[in-house]
**Q** 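So that we are looking at the same thing, I have put the structure below in structure tokens.
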Amino acid sequence: MGRKLDPTNKVKRGPGKKAKKQQGAETELTKFITDGEYCALYINYLQSGNLDQKMSQPLLPIERAAKKEKKLKETLALESDDDEEDEEDDSEEEGDEEEKSDADLDEEDTVQTNIDEMDKFRLPGAEETSKEGVLPLDLKTIHQRIKDNVDVLCNFSTKREEGKERTEYLSLLKKDLCTYYSYNNFLIEKLIDLFPLSELVDFLEANEIQRPVTIRTNTLKTRRRDLAQALINRGVNLDPLGKWSKVGLVIYDSSVPIGATPEYLAGQYMLQGASSFLPVMALSPQEGELVLDMSSAPGGKTTYIAQLMRNTGMIVANDANAERLKSVVGNIHRLGVTNTVICNYDGRQFPKVMGGFDRVLLDAPCSGTGVIAKDPAVKTSKDEADILRSAHLQKELILSAIDSVNAESPSGGYLVYCTCSIMVEENEWVVDYALKKRNVKLVPTGLDFGKEGFTRFKERRFHPSLRLSRRFYPHSHNMDGFFIAKLKKFSNVIPTAPAGKEASEATVVADSSQEKPSEGDKTKKTIPSKVSGSKEHAQPNGTAARKTANIKSKGKKDLSTGPKKAKVAKMDGEAVKEAEVKKPTAKIAEGTKASKADRKEGSRFETKQGKKTTNPMKTKNRMGKNKFNKLKYMLQKQDRK
């Protein structure tokens, strides 16, 4: 310890400074205490208390000095004695540590058994539940009880309490989840059916945290690298969104308002959620196509479609809410989009206005159960009626969207259906309904991440191809809850159910897009149903008008010789009886086929349609441009002869 060693021969040369000081102190003490006195003092000291306790206690300085003085007389080398003492002390310490470690292990075992007994989850009794109703709630206790309850339910056979059923644990879990996370009982039951219990708490926790702010680079005006550098210079902390997106940026924090920077006002980027990128990526619009965004507000997806098409082709941005269309107009102007036409129609009636689109995007209105982090009111405001009401509207909209697609499009014929809901009633159920009602099939979305859609849920069984759809969750993908399905239309023929014993008639959608007009005639394409001279009828789901097999050419009116059935438009799924009307051989006006009684049964939309003025193209039997050119060509040919 304090000895100085000669590095050449490594022989001890004597004690160091510390040993000399200690030796001096010991020699001074021995002058005052003799050997006899020391022995008497030590015997009295041992007899005064417990021997084991005294042996375990360290020696007093006087005792240690006397002991060392005694050893000095017996040995000549003080240094060797010190080394022996050090070795003895080390051996004693090691022995003590071994004894202590054995004792600690015994204590830990006993403590662990007590903890296991305490950690074993037990259902609260009637007295405890009654106390909970009176005493103030302890959220920490409830949160711990949720964790323990989920653990028991995941390992029910080994950890359950004797005599208790699974339903008792589930009822307690529902009650605690409703209390802790502030959901209503209906929504918690739906989520328990939807998620495994191990994922349920993760989903609920993710809904309590806001999703990261993301922006989409407008490649019509800038590149992502240049935009990122400009925002970093303004004090914005950002990163690329992910490998799946080439235009997205995620914003962590910013020293300036991200929605008021000069770059934002110049239209270089758009504030848009990460989940809203996915439907447009699945749609994959091509340059020069005719695309419909049936529910376009506030314009994030519409402008993304425009930048993918590089401002070519034509986009029709429709929304049923005129107030929300103001934001679409503002974003389109700010981002420099020039190939978009904005209109305000009910999506269920849109095929009557225009059809023949290459691709259609339908972001259907929904219950919003995937964006609870943005709108916490969904936790308590939704019930079974709201979900079914949304599902009914979505079924009508998806059929209208399918009827707006042109199956004969050389590059398209696709529909992307998406919602910001995670309910099966609004997603897989709606798509399965569309597969049964129209000639469409599911195709891969082209997204390499996301969970597969359900092919079976509780008592329902869906089409096996629904596994091609994709689901996105907040706790799994750190984005809003979303559902995406991509459909391809392979025939314009609408299958109809047989009426009685009569064979079902296959009707064809009246698409003016079968003959593509020139660029100058695109404006005339907005109302194709009124151009044809034949009578066309609406279907229950707002589908496109249909052509019957016996339509005469050149816009001539049909002559009926026998009994004729009056076809009445069926709106909102109401079945209207067909009345057989026998009339003599005469010309029947197109506007008077439906009787007055049948008109009363129709919806408001039908009555408004009946009051509209007739199309001048129908009243005046004008010659079309193509016929005029043919006639002119024939006259020129005759002149040459």
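Here, residue 1 is the first one in the sequence, and each next residue gets the next number.
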**Q** Exactly one of L468, L283, V443, L442 should register a side-chain contact (heavy atoms from CB on, under 4.5 Å) with K486. Which one does?
**A** V443
**Q** Side-chain donor-acceptor pairs under 3.5 Å in residues 265-282, sequence neighbours left out?
**A**
unit_1 : atom_1 : unit_2 : atom_2 : d
Y269   : OH     : I258   : O      : 2.4
Y269   : OH     : T261   : OG1    : 2.7
Q272   : OE1    : R216   : NE     : 2.6

**Q** Extract all donor-acceptor atom pairs below 3.5 Å that involve side chains of residues 245-252 and protein atoms in other chains or at least two apart in sequence.
**A**
unit_1 : atom_1 : unit_2 : atom_2 : d
S245   : OG     : V247   : N      : 3.4
S245   : OG     : G248   : N      : 3.1
Y252   : OH     : D239   : OD2    : 3.3

**Q** Between the side chain of K489 and the main-chain N/O of I402, is any donor-acceptor distance below 3.5 Å?
**A**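 A pair under 3.5 Å: yes.
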**Q** Using a strict cut-off of less than 4.0 Å between a Lys/Arg side-chain nitrogen and an Asp/Glu carboxylate oxygen, indicate whether D293 and K301 qualify as a salt bridge.
**A** no
**Q** Using 0.5 Å steps for rounding, measure from the CG atom of L187 to the NZ atom of K379.
**A**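 Here the rounded value is 10.0 Å.
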**Q** Among L290, L415, I398, L487, which one satisfies side-chain contact (heavy atoms from CB on, under 4.5 Å) with V360?
**A**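 Single side-chain contact (heavy atoms from CB on, under 4.5 Å) partner of V360 among L290, L415, I398, L487: L415.
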**Q** Among F482, F483, F449, which residue satisfies the ring pair (Phe, Tyr, Trp, His ring centres under 6.0 Å) criterion with F472?
**A**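 When F482, F483, F449 are each tested with F472, the ring pair (Phe, Tyr, Trp, His ring centres under 6.0 Å) holds only for F449.
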**Q** Is any side-chain heavy atom of N207 closer than 4.5 Å to one of P474?
**A**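 Counting from C-beta outward, P474 and N207 do come under 4.5 Å.
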**Q** If you compare all heavy atoms of L393 against all heavy atoms of P365, which two are closest, and at what distance to 0.1 Å?
**A**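 Looks like CD2-CG, 3.8 Å.
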**Q** With no hydrogens and no angle check, is any side-chain donor or acceptor of S327 less than 3.5 Å from a backbone partner on R324?
**A**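 It does hold such a pair.
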**Q** Do L170 and R166 pass the side chain to side chain contact (heavy atoms under 4.5 Å, CB included) test, and can you show the C-alpha distance, the side-chain angles, and the key distance before you say yes or no?
**A** CA-CA 6 Å; L170 282 173; R166 190 179 182 88; 4.3 Å; yes
**Q** So, for A320 and N344, which heavy atoms are closest and what is the spacing to 0.1 Å?
**A**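 Between these two residues, the closest heavy atoms are O-OD1, 3.2 Å.
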**Q** Identify the two heavy atoms, one from S465 and one from L435, that lie closest to each other, and give their separation to 0.1 Å.
**A**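 S465 and L435 have their closest heavy atoms at OG-CD1, 4.2 Å.
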**Q** Sort and list the pairs that fulfil ring-ring contact (aromatic ring centres under 6.0 Å, His included) and have at least one residue in residues 194-226, not counting sequence neighbours.
**A** F195-F203, F195-Y473, F195-H475, F203-H475
**Q** Taking the side chain as every heavy atom from C-beta outward, state whether L191 and L200 have any pair of such atoms under 4.5 Å apart.
**A** yes
**Q** If you define the side chain from C-beta out and look only at heavy atoms, does anything of T217 sit under 4.5 Å from T222?
**A**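 Yes - at least one pair of side-chain heavy atoms lies under 4.5 Å apart.
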**Q** Any heavy-atom pair between the side chains of Y183 and L204 that's under 4.5 Å?
**A** yes
**Q** State whether the side chain of Q307 and the backbone N or O of I305 hold a donor-acceptor pair below 3.5 Å, judged by distance alone.
**A** no
**Q** Report the C-alpha distance between S400 and F350 in whole Å, list the side-chain angles of each, state the deciding distance to 0.1 Å, and finish with yes or no for side chain to side chain contact (heavy atoms under 4.5 Å, CB included).
**A** CA-CA 7 Å; S400 296; F350 199 82; 5.6 Å; no
**Q** For L335, is there any backbone N or O sitting under 3.5 Å from a side-chain donor or acceptor partner on N218?
**A** yes
**Q** Apply side-chain contact (heavy atoms from CB on, under 4.5 Å) to N478 and list each qualifying residue two or more places apart in sequence or on a separate chain.
**A** R211, P212
**Q** With a 4.5 Å heavy-atom cut-off, do E289 and R359 have their side chains touching?
**A** yes
**Q** Does K451 NZ have over 12 foreign heavy atoms under 6.0 Å away?
**A** yes
**Q** Check the pair E205 / D202 against side chain to side chain contact (heavy atoms under 4.5 Å, CB included), numbers first and verdict last.
**A** CA-CA 5 Å; E205 287 288 345; D202 294 337; 5.7 Å; no
**Q** Working to the nearest 0.5 Å, report the span between CG of D319 and CE of M294.
**A**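 Rounded to the nearest 0.5 Å, the CG-CE separation comes to 11.0 Å.
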**Q** Salt-bridged, K436 to D432, with N to O below 4.0 Å?
**A** yes
**Q** How long is the span from the OG atom in S411 to the CG atom in N406, to the nearest 0.5 Å?
**A** 10.0 Å
**Q** Would you mind reporting whether E263 and L227 have side-chain heavy atoms less than 4.5 Å apart?
**A**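 Result yes, sub-4.5 Å side-chain heavy-atom pair found.
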**Q** Return the minimal non-hydrogen interatomic distance between I188 and C178, and the atom names on each side.
**A**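 Here I188 and C178 meet closest at CG1-SG, 3.6 Å.
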**Q** If I take atom OG from residue S296 and atom CG from residue L325, how far apart are they, to the nearest 0.5 angstrom?
**A**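 Spacing of OG (S296) from CG (L325) equals 5.5 Å.
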**Q** Distance-only, no hydrogens or angles: does the S254 side chain make a donor-acceptor pair with backbone N or O of V236 under 3.5 Å?
**A** no
**Q** Within this structure, what is the CD1-CG distance for the pair I422 and L194, rounded to the nearest 0.5 Å?
**A** 5.0 Å
**Q** Compile the donor-acceptor pairs under 3.5 Å between side chains in residues 423-431 and protein atoms, sequence neighbours left out, one pair per line.
**A**
unit_1 : atom_1 : unit_2 : atom_2 : d
E425   : OE2    : K190   : NZ     : 2.7
E426   : OE1    : S367   : N      : 3.0
E426   : OE1    : Q394   : NE2    : 3.2
E426   : OE2    : S367   : OG     : 2.5
E426   : OE2    : S421   : OG     : 2.9
N427   : OD1    : T419   : OG1    : 2.5
N427   : ND2    : S421   : O      : 3.0
N427   : ND2    : M423   : O      : 2.9
E428   : OE1    : R471   : NH2    : 2.9
E428   : OE2    : F454   : N      : 3.0
E428   : OE2    : R471   : NE     : 2.9

**Q** Would you indicate whether R310, at its atom CZ, is surrounded by more than 12 heavy atoms from other residues, nucleotides or ligands within a distance under 6.0 Å?
**A**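 No, not enclosed.
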**Q** Do D383 side-chain atoms and D386 backbone N/O form a donor-acceptor pair below 3.5 Å?
**A** yes
**Q** Has R467 got a side-chain atom pairing as donor or acceptor with P464's backbone, closer than 3.5 angstrom?
**A**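 Such a contact is found between R467 side chain and P464 backbone.
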**Q** Could you tell me whether the side chain of D358 and the main chain of S409 form a donor-acceptor pair under 3.5 Å?
**A**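 Between the backbone of S409 and the side chain of D358 there is no qualifying donor-acceptor contact (under 3.5 Å).
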**Q** Decide yes or no on salt bridge (Lys or Arg N to Asp or Glu O under 4.0 Å) for D148 and R145, but give the supporting numbers first.
**A** CA-CA 5 Å; D148 296 338; R145 191 163 65 188; over 6 Å; no
**Q** How about I315 and T302: do any of their side-chain heavy atoms sit closer than 4.5 Å?
**A**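 Side chain of I315 against side chain of T302, heavy atoms only: contact under 4.5 Å found.
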**Q** Looking only at heavy atoms, which two atoms of N184 and S381 are closest? And how far apart?
**A** ND2-N, 4.5 Å
**Q** Heavy-atom distance under 4.5 Å between the side chains of S171 and K174, does that happen here?
**A** no
**Q** Step by step, work out the side chain to side chain contact (heavy atoms under 4.5 Å, CB included) result for D480 and C420.
**A** CA-CA 7 Å; D480 295 327; C420 56; 5.9 Å; no
**Q** Just how far is it from atom CD1 of I146 to atom CD1 of I142, taken to the nearest 0.5 Å?
**A**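 One gets 7.0 Å once the value is rounded to the nearest 0.5 Å.
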**Q** Suppose we screen for ring-ring contact (aromatic ring centres under 6.0 Å, His included). Which residues come up paired with H143, at least two apart in sequence or across chains?
**A**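 Applying ring-ring contact (aromatic ring centres under 6.0 Å, His included) to H143 gives Y180.
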**Q** Measure across A306 and V337 and return the closest heavy-atom pair with its distance rounded to 0.1 Å.
**A** CB-CG1, 3.5 Å
